[in-house]
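Read the structure below first, then the notes.
Every chain is numbered from 1 and lettered A, B, ... according to where its sequence line falls, protein lines coming before strand lines.
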There are 2 protein chains.
Amino acid sequence: MVEPIGPKEEHILNIAMQVFVEKGWHGTKMQEIADRAGVNKAMLHYYFRSKERLYSTIFRQLFMKYMSSLSDSFQPEQDFASTLKQFINRFSDMLRDNPQLPMFVARELSEGGAIVQQCVRELVKDGKLQTPQKFIDEIKKAEARGEIEHMEEPVHFLFTLIGSCIYFFLAGPIIKPLFPGLLSDPDAFLEKRKEAIFKHLYFGIKKRGDNT
Amino acid sequence: MVEPIGPKEEHILNIAMQVFVEKGWHGTKMQEIADRAGVNKAMLHYYFRSKERLYSTIFRQLFMKYMSSLSDSFQPEQDFASTLKQFINRFSDMLRDNPQLPMFVARELSEGGAIVQQCVRELVKDGKLQTPQKFIDEIKKAEARGEIEHMEEPVHFLFTLIGSCIYFFLAGPIIKPLFPGLLSDPDAFLEKRKEAIFKHLYFGIKKRGDNT
DNA sequence: GTCTATAAGTCGATAGAC
DNA sequence: GTCTATCGACTTATAGAC
């Protein structure tokens, strides 16, 4: 099932990934992949048969990368504050290294071609998308240990957390022109962003000792 | 500059909007717009000259709708807790009524065609995107009143807030198969989501009185 | 204003020479 | 394996009859 691929195939695959990530299914032209990869357009079909097969391979790979990074970023530590901090750090670093990944996944899911839908169904069926439950269990444990407040539906915290991490990478094109200078030092910005997310979610913004 | 438009033009515009929102620039075909609107394809060009002009009109309208809703959802109340609660309520309701709007805006911004970039530049230049500053000012006032903790860079709170509200609408296609049953009553879900966002951001999750 | 027919161009895919 | 040439389907846009 898993065919060994040569260096040339891999090179094409990498380039094709870049183009698909930038332009999506409809926006990507085989000619552009060929040009950017420095190969003949016919070679694309020689190696991958069709645009659909090429795309399918790439979507699967990227979607798994995205979902895996959610899983890998979550590693229970001594206390929930550390677990949370680590998750934000790891997940944000992955996003920094793959800034277009969330947009790609979201876009393809929303345009919802048959390839995408089938891919998601397979992964769910194979039980490869079970991070959420691990996270929710950990929240309940921290609750039992008296570290955090009781949550009626812990899954909402997961949404708040992921949304907070991802938003900046989705809204970049709006944020950049609106806040010129904010990103003059992207690395410094991301570090502040990480700290801010942790503070907002863990401590909230309400003044302590205030009973309003 | 603002031409009066007849009912037929408006009807086509509404249908075209639906198609562009669903499929994006490259995915949308003039034939599909014509079919769904129940008019001849040639009429589209008669009224709007080209696909580009049609798209430009629609993107401008939707992008402004999105940005305006951010602005309109923000109305200073007596205290910052109320202001925040109101923002989450209003913005979430708008998203419920236009669930595909964030995806559309994000997708088109990321594919970054010339039309989109020019549109954003115009709006920034015309000073029509200044909500953020109002929000940040209000945060500083609440800080001065001693309602909330000091924030080094208030803009981060804005990102956390918007990201928390939007994430669910972007990740729907992943969330639905992963949490079957969660959305059996969408209205009830959204109400819980609103409350959860407020609690997470305003109070945080850390147990009060715990000094860990 | 509305329709049919078609021009002009693009894109995925393949045949066939080397 | 690699390239050129080209087929066939699709898409935007328009010409021209009514």
Side-chain angles (χ1 to χ4, degrees), chain A residues 3-61 104 107-108 111-119, chain B residues 3-60 104 107-108 111-116 118-119:
Chain A
E3 302 154 18
I5 54 173
K8 195 152 197 171
E9 259 168 289
E10 192 152 339
H11 175 242
I12 294 174
L13 217 46
N14 283 332
I15 300 290
M17 189 176 292
Q18 291 172 25
V19 184
F20 275 119
V21 164
E22 281 175 34
K23 319 213 165 173
W25 164 257
H26 289 290
T28 295
K29 315 297 168 195
M30 294 297 265
Q31 188 63 61
E32 182 171 354
I33 296 175
D35 291 345
R36 286 218 237 168
V39 302
N40 191 286
K41 183 165 66 103
M43 296 311 295
L44 263 46
H45 290 91
Y46 174 76
Y47 282 118
F48 300 98
R49 261 175 70 106
S50 71
K51 184 182 176 183
E52 243 182 35
R53 268 173 178 271
L54 184 54
Y55 175 78
S56 177
T57 307
I58 286 169
F59 176 80
R60 235 168 267 266
Q61 210 169 311
F104 173 77
R107 183 208 296 152
E108 302 309 304
E111 294 190 1
I115 306 168
V116 175
Q117 286 177 17
Q118 191 199 334
C119 189
Chain B
E3 301 155 20
I5 55 173
K8 194 151 196 171
E9 258 167 291
E10 192 151 341
H11 175 242
I12 294 174
L13 217 46
N14 283 333
I15 300 291
M17 188 175 293
Q18 291 172 23
V19 184
F20 275 119
V21 165
E22 282 175 34
K23 320 214 165 174
W25 163 257
H26 290 289
T28 294
K29 313 298 168 195
M30 295 295 266
Q31 188 62 62
E32 183 172 354
I33 296 175
D35 291 344
R36 286 217 238 169
V39 302
N40 191 285
K41 185 165 63 102
M43 296 312 294
L44 296 183
H45 290 92
Y46 173 77
Y47 282 119
F48 300 98
R49 261 174 71 102
S50 70
K51 184 182 175 182
E52 242 183 28
R53 269 174 178 269
L54 184 54
Y55 176 78
S56 176
T57 307
I58 287 169
F59 177 81
R60 235 167 268 266
F104 174 76
R107 182 207 297 150
E108 303 309 304
E111 294 189 2
I115 306 168
V116 175
Q118 191 200 335
C119 188

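Contact record, A/Thr28 with A/Lys51: O-NZ, 2.8 Å, taken as the closest heavy-atom pair. Heavy-atom minimum distance, A/Ile12 versus A/Phe48: CG2-CE1, 3.6 Å.
Contact check of residues 9-19 of chain B against DNA chain C (heavy atom, cut-off under 4.0 Å) returns no residues at all.
Between the side chains of B/Arg60 and B/Ser56, at least one donor N or O sits under 3.5 Å from an acceptor N or O. In this model, a donor atom of one side chain and an acceptor atom of the other lie less than 3.5 Å apart for A/Gln31 and A/Asp35.
B/Ile15 places none of its side-chain heavy atoms less than 4.5 Å from the side chain of B/Val39.
Contact annotation for B/Phe48: no contact, since no heavy-atom pair falls under 4.0 Å across all strands.
Ring pair B/Trp25/B/Phe20 is parallel by interplanar angle, where below 30° counts as parallel and above 60° as perpendicular.
A straight line from NZ of B/Lys23 to P of D/dC10 spans 15 Å, rounded to a whole angstrom. For the pair B/Met43 CE and C/dC3 P, the computed distance is 7 Å after rounding to whole Å. At whole-Å resolution of the value, CG in A/Leu54 and P in C/dC11 are 16 Å apart. The nearest whole Å value for the distance from the CD1 atom in A/Ile33 to the C1' atom in C/dT10 is 16 Å. A straight line from CG of A/Leu44 to P of D/dC3 spans 12 Å, rounded to a whole angstrom. Look at CG on B/Asp35: it is 14 Å from C1' on D/dC10, rounded to the nearest Å.
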Letter by letter from the 5' end, nucleotides 12-18 of chain C scores (B base, S sugar-phosphate only, - none; protein heavy atoms under 4.0 Å) BBB----
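Residues meeting the salt bridge (Lys or Arg N to Asp or Glu O under 4.0 Å) test with B/Glu32, sequence neighbours left out: B/Lys23, B/Arg36.
With hydrogens and angles ignored, the 3.5 Å screen pairs no side-chain donor or acceptor of B/Lys8 with any backbone N or O of B/Ile5.
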